[in-house]
Amino acid sequence: QECENVAILCSNSVHAECDAVARKIKGMIRREEYRCRDISVIFRQGEEYEKGIRNALKKYGVPLFEDKRQPVTNQPLICFVRNLLSICSEGFQSDYIFRYCKTGLTGLDTQQISVLENYVFMWDINGRRWLSEWTENPKGFGREPDEESEGILCEINEIREKIISPIEKFRQETEFCSGKVLTEKIYRFLRESKTDEMLKAYAVFLEEKGFHELALEQEQTWDLLMEIFDEIAQSLQENCVSVKRYLELFELVISTKSLGKLPDGFDEVSIVSAERALTKKAKVAFVVGMNRGGFPLSVSQDGIFRPSEKA
């Protein structure tokens with residue numbers, strides 16, 4: 001059956017293929033046959049084609065939008081929740097506490113965190129020692145305490161109390177409760193800690209510094225976290241769950257989540273992987289790397305069982 005709307009191009013290399021596609025797109029735009037937003041370029045074979053088509057379009061001055069997703073695991077808000085749960089389930093390990101503090105969502109500045117970290121490192125503080133007042137000299141072993149060291153020690157204990165007191169209260173409240181209640185208590189902890197307000201302030205700071213994408217990610221992350229809480233709460237309902245088990249489920253869910261990027265302009269050619277391609281709005285679609293094993297994608301022969309284990 002004849003079809004006038006499909007054309008096939010053979011090229012000797014990835015570079016030549018991407019260059020030919022970019023030239024074709026440039027010609028369509030120059031002749032005003034299509035707008036940039038009407039065109040999509042679809043690829044599957046990893047970075048080689050992704051980089052090739054990006055460079056080719058830039059070479060010919062074609063505005064482009066890359067539909068790429070960013071993992072959420074390293075977002076400040078997600079790290080805040082992960083380390084809060086880790087602190088409660090693992091018993092106030094210093095590593096988790098400082099990761100929690102360095103999210104920028106605890107209300108502590110870098111100087112306060114640095115003073116606290118130096119003291120903890122000096123006196124090898126870990127575990128339940130975080131729960132009682134510290135008395136060791138901040139100037140070091142063998143040094144006589146004086147008015148200055150007493151003042152520094154008082155400041156360090158105030159910082160410790162500011163961090164640990166709300167976490168310890170949260171830990172006690174979540175020892176025996178259902179998954180739904182635990183989710184509600186985490187949300188309440190975020191609100192009482194004014195984490196949402198600090199996240200907004202951080203987003204404003206990023207926007208003012210010109211980091212528009214990072215600023216937008218903060219708002220997206222809050223909305224995504226609320227969706228994650230809904231998913232977990234609906235799944236666990238009234239089933240009793242430990243904080244450690246909740247953390248495992250939380251880690252599992254966030255590993256499947258990602259953040260998208262909004263187009264910088266209204267008229268751009270879209271570059272998108274085949275796994276995420278939505279071409280309903282595209283009037284023209286270029287599919288690069290259409291080789292055996294790529295389109296259609298070869299099914300992996302690997303499985304759960306080894307060949308020797310199969311009947």
Side-chain angles (χ1 to χ4, degrees), residues 73-145 148-179 181-195 198 225 232 236 240-255:
T73 50
N74 293 323
Q75 290 293 330
L77 180 61
I78 301 299
C79 290
F80 183 92
V81 175
R82 290 173 71 186
N83 286 293
L84 168 66
L85 298 175
S86 296
I87 292 167
C88 295
S89 62
E90 300 297 333
F92 294 90
Q93 296 297 308
S94 295
D95 285 345
Y96 293 127
I97 292 173
F98 284 116
R99 289 175 196 165
Y100 171 86
C101 293
K102 291 175 182 178
T103 59
L105 301 175
T106 58
L108 299 175
D109 59 39
T110 53
Q111 177 62 25
Q112 290 174 310
I113 296 171
S114 179
V115 169
L116 185 70
E117 193 169 21
N118 288 338
Y119 186 88
V120 169
F121 178 78
M122 179 187 300
W123 292 105
D124 193 25
I125 293 171
N126 205 18
R128 298 197 65 82
R129 287 188 65 190
W130 279 90
L131 300 175
S132 55
E133 186 176 357
W134 297 336
T135 57
E136 291 85 354
N137 193 332
K139 292 187 176 181
F141 181 76
R143 302 284 295 274
E144 289 294 327
E148 182 183 9
S149 65
E150 290 294 333
I152 296 172
L153 182 60
C154 182
E155 179 188 355
I156 290 172
N157 272 303
E158 287 177 359
I159 298 170
R160 178 195 61 80
E161 184 67 22
K162 184 178 181 179
I163 299 167
I164 298 302
S165 182
I167 296 178
E168 173 61 5
K169 179 184 175 184
F170 171 80
R171 187 191 67 80
Q172 292 177 358
E173 291 176 349
T174 56
E175 280 188 316
F176 303 101
C177 60
S178 68
V181 171
L182 179 50
T183 303
E184 292 172 354
K185 288 186 180 295
I186 297 172
Y187 175 77
R188 193 179 305 136
F189 182 91
L190 293 175
R191 288 294 193 183
E192 290 176 354
S193 302
K194 298 183 178 180
T195 309
M198 284 184 273
L225 180 62
I232 296 177
L236 294 175
C240 189
V241 62
S242 67
V243 174
K244 185 171 185 178
R245 178 54 183 158
Y246 190 98
L247 174 60
E248 291 173 355
L249 294 173
F250 183 76
E251 298 260 10
L252 183 63
V253 174
I254 63 173
S255 68

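Residue numbers count from 1 along this sequence.
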### Task
Determine yes or no for a side-chain-to-main-chain donor-acceptor pair under 3.5 angstrom, with Trp123 supplying the side chain and Thr135 the backbone.
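Pair absent, no side-chain N/O of Trp123 close to backbone of Thr135.
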How long is the straight-line distance from [atom2] of [Y] back to [atom1] of [X], given to the nearest 0.5 Å?
X: Glu133; Y: Arg160; atom1: CD; atom2: CZ; result: 6.5 Å
X: Phe92; Y: Leu131; atom1: CZ; atom2: CG; result: 4.5 Å
X: Glu248; Y: Ser242; atom1: CD; atom2: OG; result: 7.0 Å
X: Glu184; Y: Thr174; atom1: CD; atom2: OG1; result: 13.0 Å
X: Ile167; Y: Asn83; atom1: CD1; atom2: CG; result: 9.5 Å
X: Lys162; Y: Gln112; atom1: NZ; atom2: CD; result: 6.0 Å

Would a 4.5 Å heavy-atom cut-off, applied to side chains only, mark [X] and [Y] as touching?
X: Thr195; Y: Phe189; value: no
X: Phe250; Y: Val243; value: no
X: Ile152; Y: Tyr119; value: no
X: Glu150; Y: Cys154; value: no
X: Ile186; Y: Leu85; value: yes

Which heavy atom in [X] sits nearest to a heavy atom in [Y], and how many Å separate them?
X: Cys101; Y: Ile163; answer: SG-CD1, 3.4 Å
X: Ser255; Y: Leu252; answer: OG-O, 2.6 Å
X: Cys88; Y: Arg171; answer: SG-CB, 3.8 Å
X: Pro138; Y: Ser149; answer: CG-O, 3.4 Å
X: Arg82; Y: Ile254; answer: CD-CD1, 3.6 Å
X: Met198; Y: Ser193; answer: CE-O, 3.1 Å

### Task
Given side-chain contact (heavy atoms from CB on, under 4.5 Å), test Leu249 with Leu236 step by step and report yes or no.
CA-CA 10 Å; Leu249 294 173; Leu236 294 175; 3.7 Å; yes
### Message
So that I can tick it off, tell me whether Arg188 and Glu173 are bridged by a salt bridge, with the cut-off set at under 4.0 angstrom between side-chain N and carboxylate O.
### Response
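No, no charged N to carboxylate O under 4.0 Å.
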### Message
Let's go through Asn137 and Leu153 carefully: what are the C-alpha distance in whole Å and the side-chain angles of both, what is the deciding distance for side-chain contact (heavy atoms from CB on, under 4.5 Å) to 0.1 Å, and is it a yes or a no?
### Response
CA-CA 7 Å; Asn137 193 332; Leu153 182 60; over 6 Å; no
### Query
Which residue pairs pass the side chain to side chain donor-acceptor pair (under 3.5 Å) test when at least one of the two sits in residues 90-100, sequence neighbours left out?
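Qualifying pairs, neighbours excluded: Gln93-Asn126, Ser94-Asn126, Ser94-Trp130.
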### Task
For Glu175, look at atom CD and say whether over 12 heavy atoms of other residues, nucleotides or ligands are found less than 6.0 Å away.
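Atom CD in Glu175 is crowded, with more than 12 foreign heavy atoms closer than 6.0 Å.
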### Query
side-chain contact (heavy atoms from CB on, under 4.5 Å) with Val81: which of Leu105, Thr103, Leu190, Leu247?
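Going through Leu105, Thr103, Leu190, Leu247 one by one, the side-chain contact (heavy atoms from CB on, under 4.5 Å) with Val81 is satisfied by Leu190 alone.
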